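Here is the structure we will look at.
Remember, it's 1-based here, ligands and their atoms both numbered in the order they're listed. Everything numeric in this text was worked out from a predicted model, so none of it was measured.
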Amino acid sequence: MDIRIGNGYDIHRLVEDRPLILGGVLIPHKKGLLGHSDADVLSHAITDALLGALSLGDIGTYFPPSDPQWAGADSLKLLAQVHQMVRDRDWAIINIDTVVVAERPKLKPHIAEIRSTLAQVLKVAPDRIGIKATTNEKLGPTGREEGIAAYAVALVVSQK
Ligand code: MG
């Protein structure tokens, strides 16, 4: 059995007058994440984990922030596109696990929806997607609420 693992990390700045979107889900909060796309830090970390598993580069390789085409892009669509690249190469997701680092808002009430949203995009059962949330104990940029960070790992198996 040929299996491979990839990891991804991302961070975006929290600012006023932006929606907060995590894993494709709009989360009510007084601030949102700044970025060229919708700045969905969780989807970006998962996208990079999938690309990393197959040594296909990183999210910036395919969706460069310099390209106006990706302005305000729905990151779930970018994730779906990368998932298709994985499938085109005859690989399938075994599971994905993630950590979102945010001092606020509390993400627990939203985790089930985030998980089912990502599971739908990635065409896997929700129990193959782990979403964990932690604060940074008020330490560093995430702890000072200057941004939200996300880590992801993806395990994939060859279908050949
Ligand atoms: Mg990003």
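Checking Ser75 against Asp40 by side-chain atom types alone, no donor-acceptor pair falls below 3.5 Å.
Looking at heavy atoms from C-beta onward, Ile93 lies in side-chain contact with His83 at the 4.5 angstrom threshold.
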Test side-chain contact (heavy atoms from CB on, under 4.5 Å) on Val25 and Leu22 and set out the steps.
CA-CA 5 Å; Val25 174; Leu22 293 172; 5.9 Å; no

Given Leu76 and Leu118, is the side-chain contact (heavy atoms from CB on, under 4.5 Å) satisfied, shown in steps?
CA-CA 8 Å; Leu76 285 185; Leu118 290 169; 3.9 Å; yes

Chi angles and distances behind the salt bridge (Lys or Arg N to Asp or Glu O under 4.0 Å) call for Arg104, Glu145:
CA-CA 7 Å; Arg104 280 191 302 173; Glu145 298 182 45; 3.0 Å; yes

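Panel detail: the Mg ion (ligand 1) has protein N, O or S atoms under 2.8 Å away, 3 in number.
A continuous path of ILVMFWY side-chain contacts below 4.5 Å connects Ile111 to Val124, so both sit in one hydrophobic cluster.
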